[in-house]
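Report on the structure given below.
For reference, positions follow the sequence shown, starting with 1.
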Amino acid sequence: MKLCPDCGFEFHLNVVSDRRTGRKYLRSGCCDGPLRACPDPCELLREANITQDEREYLQRLANLDWFSGQVAAVLLQIETKAKVSGEVAV
């Protein structure tokens with residue numbers, strides 16, 4: 001169980017869509033604190049460092065109007081993996 005650093009209750013993700021722009025934002029589900037913009041599946045599809053399974057998953061999500069917190073967590077994992085594997089060691 002992960003605790004929220006702001007309120008101390010059990011942390012979970014919520015995804016909120018801006019009706020005007022269609023952008024999705026992550027908020028904490030316990031205290032509704034703003035976190036960051038939700039990773040965009042269309043942008044993640046441009047990453048070269050994702051597997052075919054991840055690519056198919058992102059293609060299914062690309063046209064959805066909203067995501068659950070579980071889907072947002074998977075998007076964050078794919079985003080992190082793509083960024084880490086895309087970095088060059090110096």
Side-chain angles (χ1 to χ4, degrees):
M1 175 172 72
K2 185 175 180 183
L3 297 179
C4 176
D6 293 327
C7 69
F9 290 107
E10 183 179 351
F11 178 81
H12 62 278
L13 286 174
N14 276 348
V15 180
V16 179
S17 295
D18 184 322
R19 291 180 190 221
R20 264 184 319 118
T21 64
R23 291 275 301 161
K24 295 166 186 63
Y25 297 93
L26 299 176
R27 298 185 74 88
S28 58
C30 46
C31 61
D32 202 35
L35 300 173
R36 58 168 279 198
C38 185
D40 185 351
C42 294
E43 291 177 18
L44 291 175
L45 278 168
R46 295 185 196 122
E47 295 289 335
N49 304 323
I50 60 174
T51 66
Q52 184 61 33
D53 287 340
E54 291 168 336
R55 190 168 302 284
E56 290 171 5
Y57 182 76
L58 293 170
Q59 287 171 338
R60 287 193 308 262
L61 295 178
N63 295 322
L64 295 180
D65 292 334
W66 68 275
F67 306 134
S68 69
Q70 291 175 328
V71 170
V74 172
L75 289 173
L76 288 169
Q77 289 173 349
I78 293 171
E79 178 186 59
T80 301
K81 178 187 152 211
K83 286 184 178 183
V84 167
S85 61
E87 294 177 353
V88 177
V90 179

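- R23 and D18 are not joined by a salt bridge, as no carboxylate oxygen comes within less than 4.0 angstrom of a charged side-chain nitrogen.
- Linking Ile, Leu, Val, Met, Phe, Trp and Tyr residues whenever their side-chain heavy atoms come within less than 4.5 Å leaves L75 and W66 in two separate clusters.
- Placement of V71 and V16 in two distinct hydrophobic clusters is found when ILVMFWY residues are connected by side-chain heavy-atom separations under 4.5 Å, directly or transitively.
- By the 4.5 Å heavy-atom criterion applied to side chains, R46 and D40 are not counted as neighbours.
- Both V74 and L35 belong to a common hydrophobic cluster when Ile, Leu, Val, Met, Phe, Trp and Tyr are linked at side-chain heavy-atom distances under 4.5 angstrom.
- More than 12 heavy atoms of other residues, nucleotides or ligands lie within 6.0 Å of CD in Q59, so this atom counts as buried by the packing criterion.
- Within 6.0 Å of atom CZ in R19, 12 or fewer heavy atoms from other residues, nucleotides or ligands are found, so the atom counts as exposed in its surroundings.
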**OP:** Evaluate the criterion side-chain contact (heavy atoms from CB on, under 4.5 Å) for residue pair T80 and Q77; output intermediate values, then yes/no.
**Re:** CA-CA 5 Å; T80 301; Q77 289 173 349; 5.8 Å; no

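- At least one side-chain heavy atom of L76 sits less than 4.5 Å from a side-chain heavy atom of L13.
- Of all heavy-atom pairs spanning L44 and I50, the tightest one is O-CD1, 3.6 Å.
- Here the closest heavy-atom approach between residue E47 and residue R55 is recorded as O-NH2, 3.2 Å.
- Taking NZ of K83 as the start and CD1 of I78 as the end, the distance is 13.0 Å to the nearest 0.5 Å.
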**OP:** Show the numbers, then the answer: is there a side-chain contact (heavy atoms from CB on, under 4.5 Å) between K81 and T51?
**Re:** CA-CA 10 Å; K81 178 187 152 211; T51 66; 3.5 Å; yes

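- Pairing each heavy atom of L26 with each of P39, the nearest pair is CD1-CD, 4.4 Å.
- Interatomic distance, Q52 CD to E56 CD, rounded to the nearest 0.5 Å: 4.5 Å.
- Closest heavy-atom contact between L61 and P41: CB-CG, 4.0 Å.
- Atoms CD and SG, from E10 and C7 in turn, are 10.5 Å apart once rounded to the nearest 0.5 Å.
- Atoms SG and CG, from C30 and N14 in turn, are 9.0 Å apart once rounded to the nearest 0.5 Å.
- Here the closest heavy-atom approach between residue V15 and residue A72 is recorded as CG2-CB, 3.5 Å.
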